[in-house]
Amino acid sequence: MCCESKRRFLLLYATQKGQAKAIAEEIWQQAGAHGLEADMHCISEMDKYNLETEKDPVVIVISTTGTGDPPDTARKFVKKIQDKTLPPDHFAHLQYGLLGLGDSEYMFFCNGGMTVDRRLQELGAQHFYDTGLADDCVGLELVVDPWIDGLWLALKEALQLQKEKEGMNSAVDAVSSSISTAPHAVHELKLSSEVQNLKLEDEGARASDTLSQKLDDINLVTPARDTEPSLVHSVPPVAQSALNIPALPPEYIEVEFQDTQGENPHLSSLISEGTTFEVPVIKAVQLTREDAIKTALLLELDIADTTFEYQPGDAFCVICPNNVSEVEELLHILGLSEKGDDFVCVKVKQDTKKKGASRPQHIPERSTLKFILAWCLEIRAIPKKAFLRALVECTSDAGEKRRLQELCSRQGASDYTRFIRDSNVCLLDLLHAFPSCRPSLSLLIEHLPKLQARSYSVSSSNLYQPGSLRFVFNVVEFPASPSRPVSRKGVCTGWLAELVAPLLHPNKNSLDTKGKSSLAEKISIFPRPNNAFHLPADPSVPFIMVGPGTGISPFIGFLQHRQKLREQHTDWEFGETWLFFGCRHRDRDYLFKQLQCFLENGALTHLKVCFSRDSSTAEVAPPKYVQDVLRLCAKEVARVLLKERGYFYICGDKKHMADDVSDAVVDILSMEMEADKLEAMKILAMLRETKRYLQDVWS
Ligand code: FAD
């Protein structure tokens with residue numbers, strides 16, 4: 001993959017959803033313009049590189065998944081470098097730069113990258129460039145772009161150093177000359193997601209891969225009367241700037257319509273994570289009242305005829321399609337309405353300029369057009385700047401063209417963040433806003449990411465309900481907005497809600513003798529290997545569960561399991577159990593009123609509930625949030641955690657809830673131990689480290 005005349009560096013990516021890979025590809029692509037050649041591999045392809053003998057600088061792009069875990073593709077690698085028998089100078093020969101991707105909405109931001117970074121340091125590897133930590137919550141590009149721009153100078157220096165070491169001071173001229181156009185020394189910056197670090201560097205840095213466009217060459221899109229910018233309108237200074245726009249990504253996919261018939265691939269072929277199971281949904285219950293702000297549904301799956309296994313606390317993934325009418329609309333806009341059921345063959349263009357181009361793994365070589373749009377591509381994804389750049393070429397109206405150029409340019413970076421990223425604009429929204437834009441199917445395949453399966457926590461126990469699996473979810477709703485004329489539902493939760501609608505209002509004829517539906521629709525699921533979010537191995541250990549809203553879901557599984565264990569092992573000793581639950585209204589969204597049964601049969605020792613929106617006539621206002629109730633139980637919480645070596649579990653759909661709860665726990669520990677806050681924080685860190693303080697938080 002490397003050409004002799006250019007200086008090589010090793011580029012590894014560890015990706016979960018494709019972002020790290022896309023960024024690595026961007027680095028790979030830019031390398032050539034800097035006289036460098038990136039030898040790029042997925043970190044899992046351990047037979048294709050060898051860090052033990054690597055002499056060239058190494059660049060690692062790595063994302064984070066689950067509860068701060070490295071992506072699945074990095075598991076083997078991480079296991080290998082974590083081998084405790086490795087000496088501290090194991091990687092002393094290695095120079096590397098690492099770009100971590102994460103989302104600060106989740107606990108353990110960028111932990112995947114930080115784990116690898118820390119371990120490489122422990123093993124003696126040297127940074128040739130500061131670690132960048134990019135936050136998807138505010139926009140990965142805010143850190144990624146300047147990090148990549150600074151990388152070239154840092155690489156040049158690293159390569160020079162390496163040459164000197166090798167006693168070959170002869171030229172890194174090719175490199176130097178291309179880099180010398182980049183006068184900035186970004187590699188000395190500490191890159192983090194903080195705004196003060198985000199000032200973009202000089203315009204010259206990407207001279208080789210940008211296109212400057214003079215204002216007077218184009219028609220302005222902004223009518224004089226518009227003083228406010230929007231998705232489709234710009235105002236000065238952006239509207240009057242010469243623009244630095246990214247290089248046009250080379251096309252590399254071609255699609256060929258075929259006359260033949262056949263079958264679409266099985267959904268399991270879309271998944272690299274192991275076996276999938278097609279299982280019937282046998283029950284659906286709406287847990288919230290019609291007037292609740294969110295609709296929560298409980299679904300029960302029949303897994304009796306499968307080998308699917310789970311423990312309470314596990315999560316699993318649901319393979320879901322895009323919304324049917326959005327797929328139809330896209331077909332219509334692409335001018336392919338009549339061809340939805342035709343088979344297409346997807347291939348790499350023979351004369352593509354994209355190096356190492358290959359068909360994306362999530363796109364079958366042969367399937368119907370509808371299959372690709374419904375099951376393979378995340379059509380709701382927020383379009384990346386490279387995609388906008390490519391869309392410019394498919395847009396005929398000059399004003400629309402200019403605005404798309406602005407949105408992917410440096411000068412329009414804050415408009416991109418405001419009108420695309422923060423507004424969650426998707427491809428369809430763009431195509432409505434820019435009606436002269438008519439992309440090809442191959443362009444969508446090149447730029448839209450893989451449609452990801454969605455994860456759900458199991459809300460049942462395999463002991464209590466053998467052969468079935470329950471889960472609970474909120475139907476996600478996105479209201480209409482200025483950039484989105486229609487309201488939408490979440491891809492997976494909207495689909496599931498529609499799928500099970502007949503089960504929610506079944507008539508007597510469609511129920512079997514156990515009250516389960518005979519109209520069962522099937523869905524495809526696969527296990528999601530879980531961390532430590534399981535019941536304590538020793539049943540005599542007490543534990544505390546904090547689960548507001550749908551966060552209660554795994555704890556129902558815990559309690560069912562505990563109930564069954566108590567029935568089956570009357571001679572065992574069982575520790576006390578605490579559940580803190582919160583919701584808005586007692587009569588609208590108290591998801592599991594039958595918690596009382598667990599209290600009665602002893603599975604649950606203490607139940608604490610609070611309602612954030614119910615009014616109260618009590619003299620002292622009742623606590624509103626779970627963290628408030630925890631504080632009221634400070635002594636007991638401290639006793640369970642400190643004296644009885646108990647466990648603490650938090651589950652929920654909001655990171656700030658988990659942060660508020662851990663703040664409350666720190667206060668409780670500090671108060672009860674009469675220690676300062678720092679000491680209490682250390683205890684909490686120790687609890688996390690020993691896996692006695694466990695979180696399962698999603699957003
Ligand atoms: P999507 O269409 O994927 O939208 C979800 C998110 O995308 C939104 O929250 C928002 O951030 C963003 N978004 C997309 N489009 C827009 C838009 N137009 N406007 C605004 N924002 C937008 N969920 C549960 O309900 N119950 C569970 O038990 C559960 N367990 C989980 C366990 C794990 C380990 C993980 C990782 C997640 C879990 N989740 C759970 C979350 C779940 O996986 C899904 O993310 C959730 O159900 C939404 O999926 P969706 O496809 O319906 O929504």
Side-chain angles (χ1 to χ4, degrees), residues 16-17 64-69 71-72 103-108 136-138 231 287-288 294-299 310 312-323 326 378-383 419-430 449-460 469-499 523 525-533 547-557 589 591-592 650-655 658 694-699:
Q16 188 72 22
K17 297 189 179 176
T64 295
T65 187
T67 328
D69 304 318
D72 296 345
D103 186 332
S104 60
E105 271 292 308
Y106 289 87
M107 191 67 198
F108 306 123
D136 205 13
C137 183
V138 293
L231 178 62
L287 299 175
T288 43
K294 290 183 182 172
T295 303
L297 300 180
L298 175 149
L299 303 193
Y310 73 90
D314 275 344
F316 68 102
C317 296
V318 173
I319 303 179
C320 57
N322 285 307
N323 178 281
E326 286 173 38
E378 183 94 47
I379 61 174
R380 292 266 191 95
I382 297 171
F419 299 116
I420 299 216
R421 215 201 120 70
D422 293 352
S423 309
N424 272 292
V425 158
C426 65
L427 175 66
L428 270 177
D429 300 327
L430 274 187
K450 175 181 183 210
L451 177 56
Q452 296 289 336
R454 282 13 183 202
S455 302
Y456 294 93
S457 307
V458 168
S459 186
S460 51
L469 175 157
R470 290 182 169 195
F471 67 109
V472 173
F473 61 90
N474 279 325
V475 181
V476 174
E477 312 247 2
F478 308 117
S481 71
S483 37
R484 188 185 330 116
V486 288
S487 66
R488 296 204 180 105
K489 289 194 164 59
V491 172
C492 186
T493 55
W495 170 66
L496 286 172
E498 218 169 280
L499 192 79
I523 64 172
I525 62 169
F526 60 95
R528 184 185 158 114
N530 206 343
N531 38 42
F533 204 84
T550 44
I552 193 177
S553 174
F555 303 134
I556 297 296
D589 53 358
L591 301 187
F592 288 95
I650 309 172
C651 182
D653 70 350
K654 286 281 174 285
K655 179 174 178 285
L694 294 155
Q695 282 190 193
D696 190 5
V697 178
W698 63 84
S699 58

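In this chain, numbering begins with 1 at the start of the sequence shown. Ligands are counted one by one from 1 in listed order, and the atoms in each one are counted from 1 as well.
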Query raised in the report: So which bit of F478 gets within less than 4.0 Å of ligand 1, heavy atoms only: side chain, backbone, both or neither?
Result: side chain
Query raised in the report: Which part of V475 is near ligand 1, with near meaning a heavy atom under 4.0 Å away: side chain, backbone, both or neither?
Result: neither
Report summary line: If you scan protein heavy atoms around atom 35 (C) of ligand 1, the nearest is S455 CB, 3.6 Å
Query - Protein heavy-atom partner closest to atom 12 (C) of ligand 1 - residue, atom, separation in Å - result: N424 OD1, 4.1 Å
Requested in this report: Using distance alone, with no hydrogens and no angle criterion, decide if S460 and Y310 have a side-chain donor and acceptor under 3.5 Å apart.
Outcome: yes
Query - Pair E378 + K17: basic N to acidic O under 4.0 Å - result: no
Query - Under 4.0 Å to a heavy atom of T493 - the qualifying atoms of ligand 1, by number - result: 47 (O), 50 (P), 52 (O)
Query raised in the report: Which protein heavy atom lies closest to atom 45 (O) of ligand 1, and at what distance to 0.1 Å?
Result: S699 O, 4.3 Å
Report summary line: The protein heavy atom nearest to atom 44 (C) of ligand 1 is Y456 OH, 3.8 Å
Query raised in the report: Is the closest heavy atom of F471 to ligand 1 under 4.0 Å?
Result: no
Report task. Can you pull out the closest protein heavy atom to atom 53 (O) of ligand 1? Residue, atom name and distance to 0.1 Å, please. Result -> G490 CA, 3.4 Å
Requested in this report: Check ligand 1 against V476 and write out every atom of the ligand that is under 4.0 Å from a heavy-atom position of the residue.
Outcome: 48 (C)
Query raised in the report: Given side chains that start at C-beta, do those of N323 and V491 come closer than 4.5 Å, heavy atoms only?
Result: no
Query raised in the report: Does N474 have any side-chain hydrogen bond (donor to acceptor under 3.5 Å, both in side chains) partners at least two apart in sequence or in another chain, and if so, which?
Result: none
Report task. Note the single closest protein heavy atom to atom 26 (N) of ligand 1, along with its residue, its atom name and the distance in Å. Result -> V472 O, 2.9 Å
Query - Any protein heavy atom nearer than 4.0 Å to atom 51 (O) of ligand 1 - result: yes
Report task. Would you mind reporting whether I523 and L299 have side-chain heavy atoms less than 4.5 Å apart? Result -> no
Query - Shortest non-hydrogen contact between T493 and Y456, atoms and distance - result: CG2-OH, 3.5 Å
Report summary line: Numbered in order shown, the ligand 1 atoms found under 4.0 Å of a heavy atom of N474 are 25 (O)
**Report entry** Close side-chain approach of L287 and V472, heavy atoms under 4.5 Å
**Finding:** yes
Query raised in the report: Between C492 and ligand 1, is there a nitrogen or oxygen pair with a distance under 3.5 Å?
Result: yes
Report summary line: protein heavy-atom neighbour closest to atom 28 (O) of ligand 1 works out as S457 N, 3.1 Å
Requested in this report: Evaluate the 4.0 Å heavy atom contact test for atom 3 (O) of ligand 1: does a protein atom fall under the cut-off?
Outcome: yes
Query raised in the report: Which word best sums up how the rings of F471 and F316 line up, parallel for under 30°, tilted for 30 to 60°, or perpendicular for over 60°?
Result: perpendicular
**Report entry** Polar contact flag for D696 and ligand 1 (N/O pairs, less than 3.5 Å)
**Finding:** no
Query raised in the report: Does F473 approach ligand 1 within less than 4.0 angstrom via side chain, backbone, both or neither, non-hydrogen atoms only?
Result: both
Report task. Enumerate the atoms of ligand 1 whose separation from the nearest heavy atom of V491 is less than 4.0 angstrom. Result -> 1 (P), 2 (O), 50 (P), 51 (O), 52 (O), 53 (O)
Query - Shortest protein heavy-atom distance from atom 23 (N) of ligand 1, along with the residue and atom involved - result: W698 NE1, 3.1 Å
Query raised in the report: If every non-hydrogen atom of S457 is compared with every non-hydrogen atom of D696, which pair is closest and at what distance?
Result: OG-OD2, 3.5 Å
Report task. Indicate yes or no: at least one non-hydrogen side-chain atom of E498 is less than 4.5 angstrom from one of K489. Result -> no
Query raised in the report: Should I420 and L430 count as side-chain neighbours, where that means a heavy-atom distance under 4.5 Å?
Result: yes
Requested in this report: Quick one: list whatever passes side-chain hydrogen bond (donor to acceptor under 3.5 Å, both in side chains) with T550, sequence neighbours left out.
Outcome: none
